[in-house]
Amino acid sequence: TRLTQIATAEGVTTDPGMGQFFLAGKFSHVLEDVVPGPPAQTALHTMLTLYIGDVNSQTVYATTVLDLRGVGNSSQRAFINALRGLSARNSAVSGFIRKGKQKVADYYDAHYPQIFERAKRAAAMHNYDEALWNLASIPECCRGYGQAMELVDRYFQQYINQEGTRLLAAADAAWSAHPDSDGAEKALSYLL
């Protein structure tokens, strides 16, 4: 959640499960000490490595290591308190996000023709979901965005036309099979 908030503050949208790029973190070198006293506290010192990369090519575009410390009534609370130091105001974090964002934009600037070809092939096979998904993956800040949105409009209209034809045929078949009130009701359900 904290990484998503930071990415959003830097102008990056996130959607878990969608896209080929990732923003992830990994804790290492965790040192915990229990500080005696009423109440006993857990002191934590850890290193958090953040990564931005490409899932498909297994390429890491940006990385940074943060030294985090926290104290709490439990180990979990100490981790939560340590993560409070992780924010977009931290220059190392904001620089890391900007560098990764630029690398992702560079990827799309270099690969948008191939994305258009994948979308064109998918649309030719009437797989409009895949075509639209590919085109919508191109960020607004990239060179191919304007052309991608033109193709989105075209392919979405083709999708609407295909769906309309399919639903009209289904309504016609329902009416032809039962030209009565039941058939009319079923036909209408396809048309609404």
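In this text the structure is predicted, and so the values were computed from the model without any measurement.
Residue pairs meeting the side chain to side chain donor-acceptor pair (under 3.5 Å) criterion with at least one member in residues 175-192, sequence neighbours excluded, do not occur. Evaluation of the ring pair (Phe, Tyr, Trp, His ring centres under 6.0 Å) test over residues 82-112, restricted to residues two or more places apart or in two chains, returns F21-Y107, F21-Y108, Y107-H111, Y112-F116.
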Requested in this report: Quick one: do E130 and N134 satisfy side-chain contact (heavy atoms from CB on, under 4.5 Å)? Show the steps, please.
Outcome: CA-CA 6 Å; E130 181 181 337; N134 275 298; 3.5 Å; yes
Query raised in the report: For N81 and V71, what are the C-alpha separation, side-chain angles and deciding distance, and is it a side-chain contact (heavy atoms from CB on, under 4.5 Å)?
Result: CA-CA 6 Å; N81 290 337; V71 177; 5.6 Å; no
Report task. Output, in order, the C-alpha distance, side-chain angles, deciding distance and verdict of side-chain contact (heavy atoms from CB on, under 4.5 Å) for L48 and L83. Result -> CA-CA 9 Å; L48 174 62; L83 286 173; 4.2 Å; yes
Requested in this report: Determine, stepwise, if the pair V30 / F79 fulfils side-chain contact (heavy atoms from CB on, under 4.5 Å).
Outcome: CA-CA 10 Å; V30 178; F79 264 106; 4.0 Å; yes
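Side-chain contact between Q102 and R98: absent, with no pair of heavy atoms (C-beta onward) separated by less than 4.5 Å. You'll find the side chain of S75 reaches within 4.5 Å of the side chain of E32, heavy atoms only. Considering only heavy atoms from C-beta on, L192 comes within 4.5 Å of L188 through its side chain. A 4.5 Å side-chain heavy-atom check between D54 and Q58 finds every atom pair outside the cut-off.
The structure places CD of Q158 at 9.5 Å from CG of L151, a figure rounded to the nearest 0.5 Å. Taking CG of N56 as the start and CD of Q20 as the end, the distance is 4.5 Å to the nearest 0.5 Å.
No more than 12 heavy atoms of other residues, nucleotides or ligands lie within 6.0 Å of CD in E140, so this atom counts as exposed by the packing criterion. No more than 12 heavy atoms of other residues, nucleotides or ligands shown are found within 6.0 angstrom of CZ on R77.
Listed by chain and number, the residues in a side chain to side chain contact (heavy atoms under 4.5 Å, CB included) with A92 are T64, L66, N90 (sequence neighbours excluded). When the ring pair (Phe, Tyr, Trp, His ring centres under 6.0 Å) test is applied to H126, the partners found at least two apart in sequence or on another chain are Y128. In this structure, T165 has no side chain to side chain contact (heavy atoms under 4.5 Å, CB included) partners at least two apart in sequence or on a different chain.
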Output a table of donor-acceptor pairs, distance under 3.5 Å, between side-chain atoms of residues 39-46 and any protein atom two or more places apart or on a different chain; print 'none' if there are none.
unit_1, atom_1, unit_2, atom_2, d
Q41, NE2, N73, OD1, 2.7
H45, NE2, D67, OD1, 2.4
H45, NE2, R69, NH2, 3.4
T46, OG1, S28, O, 3.2

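In plain terms, the two heavy atoms of A110 and R143 that are nearest each other are N-NH2, 4.4 Å. Shown here for A119 and A131, the closest heavy-atom pair between the two residues is O-CB, 3.4 Å. For G144 against I138, the heavy-atom pair with the smallest separation is C-CG2, 4.2 Å. Shortest non-hydrogen contact noted between C141 and A105 is SG-CB, 4.2 Å.
Residues V55 and I52 do not share a hydrophobic cluster, clusters being chains of Ile/Leu/Val/Met/Phe/Trp/Tyr side chains in contact below 4.5 Å. A single hydrophobic cluster is seen to contain both L3 and F27, as judged by linkage of ILVMFWY side chains at heavy-atom distances under 4.5 Å, directly or through other members. By the criterion of side-chain heavy atoms lying less than 4.5 angstrom apart, applied directly or through intervening Ile, Leu, Val, Met, Phe, Trp or Tyr residues, F22 is not grouped with L50; the two fall into different hydrophobic clusters. A chain of hydrophobic side-chain contacts below 4.5 Å, direct or via other Ile, Leu, Val, Met, Phe, Trp or Tyr residues, connects I160 to Y155. Criterion: ILVMFWY side-chain heavy atoms under 4.5 Å apart, direct or through other members. Under it, I6 and M47 are not part of a common hydrophobic cluster.
Under the 3.5 Å distance criterion, the side-chain polar atoms of K101 are matched with a main-chain donor or acceptor of E10.
For Y51 and Y61, the distance between ring centers is not under 6.0 angstrom.
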